[in-house]
Every structure is written in structure tokens, then in C-alpha cells.
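Throughout, residue positions are numbered sequentially from 1 according to the sequence presented. As a basis for the values below, the full set of heavy atoms in this structure was taken, side chains included, without hydrogen atoms, waters or symmetry mates.
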Amino acid sequence: MSGRHLAKQQPENFEFNADFAALAQKRIAMYPEGKQASAIVPLLWFAQKQHDNWIPEAALRHIGDMLDMAYIRVLEVVTFYTMFNLAPVGRHFVQFCGTTPCWLNGANKIKDACKSVIGEENTITADGEFSWLEVECLGACVNAPMVQINDDYYEDLDEDSFIQLLADLKAGIQTKIGPQTDRTNSAPLGGNTTLIDNTLYDGSMVGGYKSVLKQIEKAEAEAAKAAAAEAKAEVKAEAKAAAKPKAKKVAEPAAESKPKMLKAARRGKADDLKKISGVGPKIEGILQELGVYHFDQIASWDAAQVAWVDAQLKFKGRIDREDWIAQAKKFVEEGDK
Ligand code: FES
């Protein structure tokens, strides 16, 4: 950081020349009435440009008068920005960036070169060619380390290239501005490392938009084919079902085959029909709902009546297979209840 003090040796007066005066008036006119003070930074910049890259105190007072600002306000602004020089600088004024990214990339070597080639900070070489100042980040960290010399950036420096740069400037040789390597602007050193595959742009790459379109078309065609096959299979299945002979309807037992049923158990006590093998509590309940409470009812059923009850129970012949009639007759004979 520079010492923000005014130079001891100051010129008596300062006035903008015709060109800078015109520029100053144009700039002041850009702001609304009463807000002319907003033009202070460009006017300070014009004064520095006109006056060998530094601003004398007389210029600060002149600008304050132009903008109707107190001198102290102008001083506050001009001492805030390191871009404004308050004392004479060399013809080639080096602003050296010593902030972390530049420092990590070898800025200390550049600083050493500033000291060895130019001299102490804020001093001008005897021939008036150079002076230097350490400043904070100049926003070109990607190409660190770097310096600003007058209005130009010089980046990707090392000690040798920086010393050569100073020598070229002193000799009046046209220097390369920007990166001192083969990179373009802030592109990677040695050329681009990403987005360099041309198939990214010609559509031939898997995942490229043309490839994706083709995949969508293919998927749609396959889906349509599958749907057609499914519809065809459905038609075929329906035709097959229509051609299949209908199963013979099993004849329902005639209503007159229904055995004589009771509304309730005789003397209020039903036999324990669960004694018949094949009759559980559930079937016993159904039988009672039908009106069958006693062994002798079952023992009296003929074949047609067995078929009727079998149909009610949806037993498909189980009464015969389990021989309920014989079992019931036995319980009757033995007097079981
Ligand atoms: S740190 Fe040097 S330019 Fe940003």
C-alpha cells in the first residue's frame, strides 16, 4: 500500500488543458443538477493523465471548485484509491501485485526484481524511467503473478521475463501486453483442456442432441411395435375364447327334492351333528339354518334329497363320499343325540 501523502514539491497552479476541460465538462453534464460531485473520480483521472501520471494538490483544489466540493472531500476520495498517485512516478510506473494468488505463484521474485532493477518502493530511478508500488489484487489472479505498468497488464511473469520486460520498456521496444506465455487471455496454459472434442458440436457423440433424438425415435418405434403386438394377441385370445365350447351347465336339483326341514329343534334341543365325520361347527350351523337339527332327518334322506342338500352346501358329492346317511342311521340306532 502506498503512503497516501501529498508530494512535498508541488506546482503552484493547475488547470485542465482544452482537451481534458472538454472531457471534464462532458462528464459533469452526465449527472443531474446538484449531483455533479459524482464526477469526481473521472475528473481526478483526467488530472492524473494530464499531469505525468500524478495529481498535484492544485488539481485537487481546482476539481473541488469545479464540482462545488470542499477540498477535504476531494482529498478523502483521492487518498482512498491507490489508482491515484499523489506524488511523481516514473515514466513507466509499475504497480506490483503482492496479494496471495500472485504471491503463491512467485510474486516475491518479481518484488525482488523491482528492488534490484528499480530501487526502493516509491522512488524514481535516476533516469526517470521507473518507479514501483505494491498494490492489492488487480483482478488478474488467474494469470498470476502479474504487474500493471501504466495502463497495461503484464501477466504470467517470472523473474527473467519481468526483468526483460523492464529492459524492453526502457529501450522503447514494443512489448507484449497481457500473458507473457502462449496462453490466450485466461485460457489454460498449453491450450484448452475442456470442450475440445468436436463431436460435442457435430451431433455424432453419444449424448449429443442428434443422438438423443435418434434414441427417442427408436424407443417410440419399439413402443408402437409392442403395442401392436399386444393388441393382436388380445384379438387372438378373444377369438379363441369365443370358439371354446361352453362348459355344460350342471343341472340344479329339483325343488321338490328338498327334504322336510324343521323350523327349530324338537323339544328345543338339537342333536350334536358334529358327531358325523365331515361335519364341523360351520357346516352344523349351515345345516341348522337349512332346518336340519337331528340325526334321523339325515338318516331319512333319499338320493335326490342328498343331492339337494349337497347342492346347498356346494359339496360336490361329499355327503355320499363321507356316507353321512349311514353315520346318521348308526347314531339313531344307538340313540345318540
Ligand atoms: S492476486 Fe494478483 S492479480 Fe489478483
Side-chain angles (χ1 to χ4, degrees), residues 194 197 199-200 202-337:
T194 58
D197 184 347
T199 59
L200 281 169
D202 66 11
S204 62
M205 185 183 195
V206 174
Y209 80 97
K210 284 186 183 170
S211 163
V212 171
L213 283 180
K214 272 187 194 158
Q215 286 175 35
I216 291 171
E217 281 168 12
K218 190 177 169 196
E220 285 177 346
E222 280 173 1
K225 197 173 164 188
E230 197 177 328
K232 196 173 168 186
E234 269 177 28
V235 170
K236 203 170 167 186
E238 280 170 14
K240 198 173 170 186
K244 196 174 175 183
K246 286 203 171 78
K248 275 187 190 164
K249 205 170 178 185
V250 179
E252 290 286 326
E256 56 271 24
S257 305
K258 181 179 179 182
K260 186 167 180 241
M261 299 296 183
L262 299 175
K263 288 205 170 108
R266 292 192 287 264
R267 292 178 294 284
K269 182 155 183 6
D271 295 346
D272 184 3
L273 300 180
K274 296 192 290 301
K275 287 182 177 173
I276 297 175
S277 174
V279 176
K282 188 175 175 191
I283 293 174
E284 184 184 46
I286 298 170
L287 287 168
Q288 288 178 352
E289 278 174 23
L290 289 171
V292 182
Y293 294 93
H294 300 283
F295 293 127
D296 61 358
Q297 285 179 274
I298 297 172
S300 68
W301 292 345
D302 61 19
Q305 289 169 328
V306 166
W308 188 92
V309 176
D310 197 84
Q312 306 310 308
L313 298 177
K314 300 188 174 58
F315 266 7
K316 299 180 181 167
R318 203 168 123 191
I319 295 175
D320 274 340
R321 286 198 304 278
E322 292 171 349
D323 205 359
W324 287 14
I325 308 299
Q327 290 189 64
K329 278 181 180 168
K330 184 169 160 276
F331 291 129
V332 171
E333 284 164 13
E334 291 172 355
D336 271 351
K337 295 288 178 190

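Side chains of Asp320 and Asp310 form no contact here, defined as non-hydrogen atoms less than 4.5 Å apart. In this structure, the side chains of Phe295 and Leu273 come closer than 4.5 Å at one or more pairs of heavy atoms. Val306 places a side-chain heavy atom less than 4.5 Å from the side chain of Ile325. Residues Lys236 and Lys232 form no side-chain contact, since every pair of their non-hydrogen atoms from C-beta on lies 4.5 Å or further apart. Between Gln297 and Val309 there is no side-chain heavy-atom pair separated by less than 4.5 Å. The side-chain heavy atoms of Ile283 and Arg318, taken from C-beta on, include a pair separated by under 4.5 Å. Using a 4.5 Å heavy-atom cutoff, the side chains of Ile298 and Val332 are not in contact. Looking at heavy atoms from C-beta onward, Pro281 lies in side-chain contact with Lys274 at the 4.5 angstrom threshold.
In the displayed structure, Glu334 atom CD is contacted under 6.0 Å by more than 12 heavy atoms of other residues, nucleotides or ligands.
From Glu289, atom CD reaches atom CE of Met261 across 12.0 Å, with rounding to the nearest 0.5 Å. To the nearest 0.5 Å, atoms CD (Gln288) and NE2 (His294) are separated by 9.0 Å. Taking CG of Asp323 as the reference point, atom OG of Ser277 lies at 10.0 Å (rounded to 0.5 Å). Once rounded to the nearest 0.5 Å, the distance linking NZ of Lys258 with CH2 of Trp301 reads 12.0 Å. To the nearest 0.5 Å, atom NZ of residue Lys275 and atom CD of residue Gln327 are 12.5 Å apart.
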Dump the intermediate steps for side-chain contact (heavy atoms from CB on, under 4.5 Å) on Phe331 and Asp272, then the final yes or no. CA-CA 10 Å; Phe331 291 129; Asp272 184 3; over 6 Å; no
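Between Leu287 and Trp324, the shortest heavy-atom distance links the atoms CD1-CZ3, 4.0 Å.
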